[in-house]
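Only a predicted model underlies this, so the values are computations on that prediction, with no experimental measurement involved.
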Amino acid sequence: MKQFNRYLVTAALPYANGPVHIGHLAGCYLPSDIYVRYLRATGADVKFICGTDEHGVPITIKAMKENVTPQDIVDKYYAIIRDSFAAMGISFDVFSRTSNTVHHETASAFFTNMYEKGLFEEKESEQYYDEVKNVFLADRYIIGTCPKCGNDKAYGDQCERCGTSLSPDELINPRSALSDAVPVKRKTKHWYMPLQQYEPWLKEWLLEGHKEWKNNVYGQCKSWIDSGLQSRAMTRDSNWGIKVPLPDAEGKVLYVWFDAPIGYISATKELTPDWQKYWCQDDTKLVHFIGKDNIVFHCIIFPAMLKAHGNFVLPENVPANEFLNIEGEKVSTSRNWAVWVNDYVKDFPDQQDVLRYVLCSTAPETKDNDFTWKDFQDRNNSELVSIFGNFVNRTMVLMHKLCGGKVPPIHADVKDERDDAVFQMLQSAKQKITDSLENYRFREALSEMMNVAREGNRYLQEKAPWLLAKTPELQAENQKVIDNCLHVCLQLTANLAIFANPFLPFTAQKICHMLKVVDRMLEWSNAGSMKLVSVGYTLRAPELLFKKIEDEQVKEQVDKLHAGLAQSAAAQAAAEPAKPAAPKKAEIQYDDFAKLELKAGTITAAEKVEKADKLLKLTVDLGSEQRTVVSGIAMHYKPEDIVGKQVTLVANLAPRKMRGIESQGMILMAEDEDGRLVFVNPAEAVAPGSNVS
RNA sequence: UGCGAGGUAGAGCAGAGGUAGCUCGUCGGGCUCAUAACCCGAAGGUCAGAGGUUCGAAUCCUCUCCUCGCUACCA
């Protein structure tokens, strides 16, 4: 095993175009914070790095839409994000931002270093340009008609209706998502990093050298490398970002994915003049905490960049988490289906540890997981309150009642095996928790920590000091046994604070306060000790560590979630028509309309098309003939529900094959903002084959 | 379409050839120091489905189904 003398821990740079939600927290900020708090407790030299990622096209677009500058956007969200993390006790050593001067200089220098070594390829290509907004358009910002299914809202990279991946050139009638203008092709030059040249090295370093990485991470990297890497552009046409530091690069900036990870380096520079010690000496253990969407950038592209530059350490591990869903549905910031951290802090003041506990115990370490408010309540009430909080409270109350509020001595003459067993249990718990934390298994570590509290309750139950003190006479007789029991329970409580500290730092502090011990007691090396609280010390009155969460609070949160969703949908619906969305298509003459042959028909049969999520094969009765129509409505209607329905059919549309079935017409559907499809049909039943005009 | 990860008691997870385990929930009992908390016990699973290898498969192989991700600047 390699010996490391210091740690550099990074958490993914959140993108500064919105606040952070609990999925972000569960994905990487909480696990990294737990890891770092543990490392600090062991006395390790560790730096915990994060900051906002403030470049990239989405920010310029958001700025354009809100009619402010990109800088306004990032300033606003930088503050919100920073404060959310601080409130939750995420203990970054530095929380920087990529719009800082230090970062611009660092990223520029990084690029120049690679450029001077001749590590970039220069290539010219033609890209769509929006002449109204004067910007080059990323594929995603070109909208047009899908050549496969005719969806007129396909994006330049993919059609979301039929799932085909596209290139902007394939779109019929492309237009800009920003201005609705018809984009034109313009030549543009970019600098590419030939990733394929790093393949042999990546195979050795990653595939051979890091087989211990998590399955989901290793598997995805392997799949990328095995399928062959390609040159990737490291610059973009934009005026928001870090200028490409070359003379002939007007209007070009570094690709955000080139500049963002360098942000880890810049932030470290900002933190300490000693930054090189952390980044350039190979006895540093660099660990990147990220969500699964970032795997390739952190495991392949950024390491390749570091390798290319040559002066930096490489990540030792990248423990990426999967995603957290909320109440059974994927988090969606645009639909406002999310629990925002800044809201949580307001709604549950002084209960950060509850969220930390719940997110850690359901952390998506191996697969996507679901967060529900009911589960949040259950875990708080039946685990934190009933097991952990209750044990500490029982101990404190009994100690005050039976031992006069002072830490009782331990009497060797009445000490028994059960007392020793607690000591043994602590040793083994320390071992297990340490092992789990070192291997990024935070859920497991947390559950071991809770087991310590469970053991405490069990011990107390078996000793039952309250029975030994039923009457004053009995108590006098048993005082030594009672002393021993509460002495053990108090030491156990102190140990619990050490074990809980990485996960529940606010709670650990409360325990320290009650026990009148200083922060240094929380050092990891003290775990397992039975001499943490001193005999004879007067302790403070017990205070509850956790409080119950009531049904109403849960209901409020669930309602809030749904209200947010509805509000956001309404806001979007209101915003859309306000834009010149209505006359998207050119005006037509009556003759054009008359070319359409529309007929009412009745669906007589419907079945799912195999190997297609969205397609149904329908048979439509037009009175004089039967038509086979393939329609992309499987997501919205079940075959059995629509047989017998009347529909409006474009009867003279040229036939088209889809999934090997010839579709002889098209059914008219109305689609709302959420993508919900509804039949456009005659209000009353008419004879099949009736003309519609 | 391809590739990656996953599918195990009502819920959340462990187990990676040898009679299915943990936490919460449920049910029964005990206790009363404690936030109706704690402790003991029980019920509950054809380990997504089908086939195969093996004396023996949740675990290995093949195929199928489902979920999520990547291929697109969401942790």
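Counting any heavy atom pair closer than 4.0 Å across all strands shown, A:N294 reaches sugar-phosphate atoms only and no base atom. Within 4.0 Å of A:V57, counting heavy atoms only, lies at least one base atom of the nucleic acid. At a threshold of 4.0 angstrom between heavy atoms, the contacts of A:L544 include nucleobase atoms, whether or not backbone atoms are also involved. Nucleic acid contact class of A:H55 (heavy atoms, under 4.0 Å, all strands): none. When heavy atoms are screened at a 4.0 angstrom cut-off, A:F546 is found touching base atoms of the nucleic acid. Among the heavy atoms of the strands lying under 4.0 Å from A:L545 is at least one base atom, whether or not backbone atoms are also near. Contacts of A:K463 with the nucleic acid, taken as non-hydrogen atoms under 4.0 Å apart, are absent. Counting any heavy atom pair closer than 4.0 Å across all strands shown, A:L324 reaches a base atom. Among the protein residues, A:N321 comes within range of no part of the nucleic acid, since none of its heavy atoms lies under 4.0 Å from any strand.
Residues A:F258 and A:F297 place their aromatic rings such that the two centres sit no closer than 6.0 Å. Two rings, from A:F323 and A:H24, have their centers 6.0 Å or more apart. Checked against a 6.0 Å centroid threshold, the rings of A:H190 and A:Y255 do not count as neighbours.
The same atom, P, is picked in B:rG6 and in B:rG44; the two are 31 Å apart, to the nearest Å. On the P atoms, B:rC40 is 14 Å away from B:rG25, given to the nearest whole Å. Across the P atoms, B:rA37 and B:rC27 are found 12 Å apart, a figure rounded to whole Å. Taking atom P in both B:rU59 and B:rA43, the straight-line distance is 26 Å, to the nearest Å. With C1' as the reference atom, B:rA5 and B:rA48 are 16 Å apart, rounded to whole Å. For the C1' atom pair drawn from B:rC65 and B:rA9, the interatomic distance equals 22 Å after rounding to whole Å. Rounded to whole Å, the P atom of B:rU23 lies 13 Å from the corresponding atom of B:rA42.
Ring-plane geometry between A:W373 and A:Y344 is classed as parallel, the angle between the planes falling under 30 degrees on a 0 to 90 degree scale with a further cut at 60. Below 30°, between 30° and 60°, or above 60°: for A:F442 and A:Y35 the angle between ring planes is above 60°, a perpendicular geometry. Ring planes of A:H288 and A:F302: tilted class, angle from 30 to 60°.
Only A:R379, A:S382, A:E383, A:V385, A:S386, A:I387, listed by number, bring a heavy atom of residues 377-387 of chain A to less than 4.0 angstrom from any atom of RNA chain B.
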Before you tell me yes or no, could you show the steps for A:L486 and A:L402 under side-chain contact (heavy atoms from CB on, under 4.5 Å), namely the whole-Å CA-CA distance, both residues' side-chain angles and the distance that decides it to 0.1 Å? CA-CA 9 Å; A:L486 287 160; A:L402 305 180; 4.2 Å; yes
Please lay out, stage by stage, how A:F503 and A:D353 fare under the test side-chain contact (heavy atoms from CB on, under 4.5 Å). CA-CA 8 Å; A:F503 311 96; A:D353 278 350; over 6 Å; no
Can you list the steps and then say if A:D226 with A:K203 is a salt bridge (Lys or Arg N to Asp or Glu O under 4.0 Å)? CA-CA 9 Å; A:D226 287 349; A:K203 279 184 178 157; 5.0 Å; no
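For B:rC24, the OP1/OP2 oxygens have no side-chain nitrogen or oxygen of A:K374 closer than 4.0 Å. Between A:R454 and B:rC24 there is a side-chain N or O to OP1 or OP2 distance below 4.0 Å. Taking 4.0 angstrom as the limit, A:K401 places a side-chain polar atom (N or O) nearer than this to OP1 or OP2 of B:rA34. In this structure, A:K330 reaches the B:rG69 phosphate: one of its side-chain N or O atoms is under 4.0 Å from OP1 or OP2. In this structure, A:R458 reaches the B:rC40 phosphate: one of its side-chain N or O atoms is under 4.0 Å from OP1 or OP2.
The ring pair (Phe, Tyr, Trp, His ring centres under 6.0 Å) test applied to A:Y459 returns no partner, not counting sequence neighbours. For the ring pair (Phe, Tyr, Trp, His ring centres under 6.0 Å) test, no residue two or more places apart in sequence or in another chain qualifies with A:W466. Evaluation of the ring pair (Phe, Tyr, Trp, His ring centres under 6.0 Å) rule for A:Y29 yields A:F85 as partners, not counting sequence neighbours.
Whole-Å rounding puts the A:D53 CG to B:rC74 C1' distance at 12 Å. Rounded to whole angstrom, the span from the CG atom of A:D368 across to the C1' atom of B:rG12 amounts to 14 Å.
Taking the side chain of A:N457 as heavy atoms from C-beta on, and the options B:rC39, B:rG69, B:rC33, the nearest nucleotide is B:rC39. Considering only side-chain atoms of A:K548, the nucleotide from B:rA37, B:rC74, B:rC39 that sits closest is B:rA37. Here the nucleotide nearest the side chain of A:P58, chosen from B:rC73, B:rA34, B:rC74, is B:rC73. Listed nucleotides: B:rA37, B:rU32, B:rC74. Nearest to the side chain of A:N390: B:rA37.
Among all heavy-atom pairs drawn from A:A304 and A:L195, the shortest one is CB-CD2, 4.1 Å. The two atoms that bring A:C299 and A:V217 nearest to each other are SG-CG1, 3.7 Å, heavy atoms only.
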For a quick check, with a 4.0 angstrom heavy-atom cut-off, what is the B/S/- contact string for nucleotides 5-10 of chain B, read 5' to 3'? SSSS--
Once Watson-Crick and G-U wobble pairs under 3.5 Å are found, how is RNA chain B written in dot-bracket notation, 5' to 3', with | for any base paired to another strand? .(((((((.[[[[.)..(..]]]].(((((.......))))).....[[[[[..)....]]]]])))))).....
